[in-house]
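Each chain gets a letter, A, B and so on, in the order its sequence line appears, and its residues count up from 1.
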2 protein chains.
Amino acid sequence: MKKPQAERAGRVERAPLDPEMFDPVCPSPLVPFRVGDKWAPMILRCLQDGPRRFSELKIPLRGITSKSLTQSLRGLERAGFLAREEQHGGTERRVEYALTALGRGLLDPLDAACEWTREHWDELIEAQEAALAGAESGHR
Amino acid sequence: MKKPQAERAGRVERAPLDPEMFDPVCPSPLVPFRVGDKWAPMILRCLQDGPRRFSELKIPLRGITSKSLTQSLRGLERAGFLAREEQHGGTERRVEYALTALGRGLLDPLDAACEWTREHWDELIEAQEAALAGAESGHR
DNA sequence: TACGGCGGTATCCGATCGGAAACCAGCCAT
DNA sequence: ATGGCTGGTTTCCGATCGGATACCGCCGTA
């Protein structure tokens with residue numbers, strides 16, 4: 001029987017990340033606001049309920065390569081939005097990434113941006129299509 | 001009291017854009033939020049008080065090349081955030097770019113993001129420096 | 001001993017970004 | 001007719017982004 005290491009480390013058990021928390025059909029690139037690089041906003045979201053491990057983050061960020069994840073994490077770390085915490089004391093290798101106070105604060109305007117996008121989703125799609133149609137018949 | 005003379009065209013005399021409205025020392029790239037490409041947020045800001053001409057926009061966007069400005073404008077147009085209005089009736093060539101309703105709405109979350117950045121400016125700088133210093137002595 | 005999981009690096013590559021510079025047509029005033 | 005202004009386009013180029021792939025040491029388990 002496998003014993004959860006979380007207990008040994010006195011760690012609180014949190015729900016695992018939903019592998020489908022990011023809809024591949026309407027991914028964040030369509031959100032007109034961006035924070036950092038391609039993956040950064042999603043990483044921030046993943047960390048909002050507490051620290052997560054490298055391999056834990058890879059799950060909802062479907063298809064991300066180790067390199068890209070490392071890069072994004074380092075970038076967010078350099079900006080001071082998250083902290084890398086390496087546990088040496090434990091029995092096995094464990095590295096966790098946690099939002100700093102600054103990073104947590106970043107979630108507010110990020111939420112606002114996402115909310116705006118949700119509210120104007122139809123308009124966004126419609127405007128894009130109209131502009132595309134206009135480009136075909138209009139000034140071309 | 002001075003009277004605007006261009007009102008027959010429905011055009012109101014507005015203050016010209018401040019050539020230094022974007023501080024080259026703390027430019028928007030330091031803002032962790034972005035809208036579209038490098039120049040897009042600044043262009044949106046330039047248009048918030050009404051339509052502007054191509055050459056008018058070039059002034060505060062110091063050093064922007066024609067190509068980059070055209071690119072950014074086309075991108076924002078494709079997204080439905082602004083509209084290109086070419087005046088054929090007039091005597092001289094005149095092209096104006098104006099925010100759409102959607103684009104104007106975009107200013108709200110953009111303001112929120114800028115406001116957040118202003119509020120946390122010191123922390124942002126400090127966190128960056130701390131992370132940089134930590135990288136030198138820390139996990140290396 | 002071998003194997004698998006973890007948390008990465010190193011290298012290569014094609015795509016994209018964005019600036020520099022040259023060029024252009026139409027209109028205007030001199 | 002000549003030069004200047006407007007609103008671009010085109011070409012070239014170096015830098016950066018981001019994915020694919022291969023590889024790595026460390027640890028725990030079988």
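Map Thr65(A) and Val95(B) each onto its nearest nucleotide of DNA chain D; the residue landing nearer the 5' end is Val95(B). Nearest-nucleotide mapping onto DNA chain C: of Lys67(A) and Leu73(A), the residue sitting toward the 5' end is Leu73(A).
Going from atom CG of Leu57(A) over to atom C1' of dC6(C) covers 13 Å, rounded to whole Å. As rounded to whole Å, 15 Å separates atom C1' of dC17(C) from atom CG of Asp37(A). Here the C1' atom of nucleotide dG28(D) and the CZ atom of Arg94(A) are 14 Å apart, to the nearest Å. Whole-Å rounding puts the Glu86(B) CD to dG26(C) P distance at 13 Å. In this structure, the CD atom of Glu92(B) is 8 Å from the P atom of dG7(D), given to the nearest Å. The interatomic distance linking Glu56(B) (CD) with dG8(D) (C1') rounds to 17 Å, in whole Å. In this structure, Lys38(B) places its NZ atom 15 Å from P of dA15(D), rounding to the nearest Å. Look at CH2 on Trp39(A): it is 13 Å from C1' on dC17(D), rounded to the nearest Å.
The number of heavy atoms from other shown groups lying within 6.0 Å of CD (Glu115(A)) is above 12. By the 6.0 Å contact criterion, CD on Glu123(B) is enclosed, its count of non-hydrogen atoms from other residues, nucleotides or ligands being greater than 12.
Put simply, the side chain of Ser66(B) and the base of dG8(D) share a donor and an acceptor less than 3.5 Å apart.
Counting all heavy atoms, side chain and backbone alike, Arg104(A) lies closest to Leu99(A) at NH1-O, 3.6 Å.
Remark: Arg84(B) is in phosphate contact with dG8(D), judged by side-chain N or O atoms under 4.0 Å from OP1 or OP2. Put simply, Lys58(A) has no side-chain N or O that comes within less than 4.0 Å of OP1 or OP2 on dC6(C). For the pair Arg93(B) and dC5(D), the criterion of a side-chain N or O lying under 4.0 Å from OP1 or OP2 is not met. Proximity of Arg74(A) to the phosphate of dT9(C): a side-chain N or O atom is located under 4.0 Å from OP1 or OP2. Phosphate contact (OP1/OP2 of dG7(C), side-chain N/O of Ser55(A), threshold under 4.0 Å): present.
Between the side chain of Glu77(B) and the backbone N or O of Arg74(B) there is no donor-acceptor pair closer than 3.5 Å.
Residues Ile59(A) and Leu73(A) do not share a hydrophobic cluster, defined by chaining ILVMFWY side chains whose heavy atoms lie under 4.5 Å apart.
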